[in-house]
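Okay, so here's the structure we're looking at.
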Amino acid sequence: MFTPPPDVHGRGRPDRFMRGLAALMSVYSKLIAFDRPRPPVRAVDRDLRLVVDDARAEADDVRSLRLVPADGSALPAWSPGAHIDVVLPSGRQRQYSLCGDPADRGCYRIAVRRIADGGGGSREVHAELDVGSRITARGPRNAFPFIRAQRYLFVAGGIGITPILPMVRAAAAAGSDWRFVYCGRSRESMPFLDEIARLAPERVWVRPDTEYGVPVSSGELLEHAPEDATVYCCGPVPMITGVRMDLAISRAAELHWERFSAPPIVDGKPFDLHLERTGRTLHVPEDRTALEVVREALPDVAYSCRQGFCGTCKVGLLSGTAEHRDHVLTDDERADSMTICVSRAEQGPLVLDL
């Protein structure tokens, strides 16, 4: 295993360091600029009938499922960073990253951490899916595409390992210069350590909090980046936010990230919602999403990603002007609908078809 290198911020390049400081000031004052609009994540109109072929515990509260096609046919191809939309027996729909081998068209692998106080999807996977269970999936599709580069730094936190692991393998197979930092609460909570142990040990740093202390700093993570590296990061929101903010004063060149939780609300303003069919008017505070407030009144409202890329929570917009923050709706769809997990009111109140 490689050990943390010495501080690299003062490495004899003052011109770049000063530029980095200026960029950092801009980052702190305009963090929202990093959430620049992205092209819509293309929906895949294809249902896959899958059977659970293997289910195993990978770590504390983490379970992996090996999914095979019910008809024995070859599965659709995928690339690192891709996910499938899984329709659970209850009807809940959830997105799970594919963490197996893209070359294996005979199966998909996903891994799910059980969240005791979550929306119920992870509990259902752990309690009700076992070998022989049949599910429907849609996809694969990719909201976190892996691009070819000469140098990489991969950073994973906890269950964020799932999209990162296939990327690390792809970089190694391509002969790229790469480093990988994997963080977690403890080794017992970190899935796939046995597979990671088979990677080049001099390029990997496994960092459990129980061994190195908490919290891990973004500077500590970015110190491992090769010069002008492309950084891929997936994990808790504080980890991703820190890496984004400190990227400008690191030697890395660019950053790609994916969250497994709802993004923080940036520049949120309070607004009112009127639910046309139920006749209720709801107030959405500046620090909450419309989805959170609506589900308190209508608990059965469907949702999934909470990040604006799956479209599960799309509802009809009857009047008012929405501030669209999603990555899934087309311009035509935005004229009369909105995703209530991330979008807000530009001019309201908003009247929804609920």
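One is the number of the first residue; the rest follow in order along the sequence.
- Results of the side-chain hydrogen bond (donor to acceptor under 3.5 Å, both in side chains) test with Asp85 over Arg141, Arg138, Arg94 single out Arg141 as the only residue that passes.
- Remark: the Arg187 side chain and the Thr210 side chain contain no N/O donor-acceptor pair separated by less than 3.5 Å.
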Dump the intermediate steps for side chain to side chain contact (heavy atoms under 4.5 Å, CB included) on Asp209 and Arg207, then the final yes or no.
CA-CA 6 Å; Asp209 292 343; Arg207 190 201 182 283; 3.3 Å; yes

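- Connection of Val342 to Val237 is not established within any shared hydrophobic cluster, with ILVMFWY side chains joined at heavy-atom distances below 4.5 Å, either directly or through further cluster members.
- Val86 and Val51 are assigned to two separate hydrophobic clusters, defined by single-linkage of ILVMFWY side chains at heavy-atom distances under 4.5 Å.
- Taking the six-membered ring where the residue is Trp, the centroids of His83 and Tyr96 are separated by 6.0 Å or more.
- Put simply, CG on Leu65 and SG on Cys99 are 9.5 Å apart, with the number rounded to the nearest 0.5 Å.
- Between Phe192 and Tyr182, a ring centre-to-centre spacing not shorter than 6.0 Å is recorded.
- The environment of Arg280 atom CZ is sparse: at most 12 non-hydrogen atoms of other residues, nucleotides or ligands sit within 6.0 angstrom.
- You'll find the side chain of Leu255 reaches within 4.5 Å of the side chain of Val243, heavy atoms only.
- Annotation: side chain of Phe180 is not in contact with side chain of His224 (no heavy-atom distance under 4.5 Å).
- Residues Tyr232 and Trp178 place their aromatic rings such that the two centres sit no closer than 6.0 Å.
- Tyr152 is not listed as a side-chain neighbour of Arg203, based on a closest heavy-atom distance of 4.5 Å or more.
- Among all heavy-atom pairs drawn from Thr289 and Cys341, the shortest one is CG2-O, 3.4 Å.
- Counting heavy atoms from C-beta on, the side chains of Phe144 and Ile164 come closer than 4.5 Å.
- A single hydrophobic cluster is seen to contain both Ile135 and Leu98, as judged by linkage of ILVMFWY side chains at heavy-atom distances under 4.5 Å, directly or through other members.
- Proximity of a side-chain donor or acceptor of Ser122 to a complementary backbone N or O of Ile115 within less than 3.5 Å is detected.
- Ring orientation note: the planes of Phe146 and Phe154 are tilted relative to one another, at an angle of 30° to 60°.
- Tracing side-chain contacts under 4.5 Å through hydrophobic residues (I, L, V, M, F, W, Y), one reaches Leu275 starting from Leu350; they form part of the same cluster.
- Arg134 and Ala70 get closest at one heavy-atom pair: NH1-CB, 3.4 Å.
- Between Cys107 and Asp104, the closest side-chain pair of non-hydrogen atoms falls below 4.5 Å.
- Hydrophobic clustering (side-chain heavy atoms under 4.5 Å, transitive across Ile, Leu, Val, Met, Phe, Trp, Tyr) keeps Leu291 apart from Ile265.
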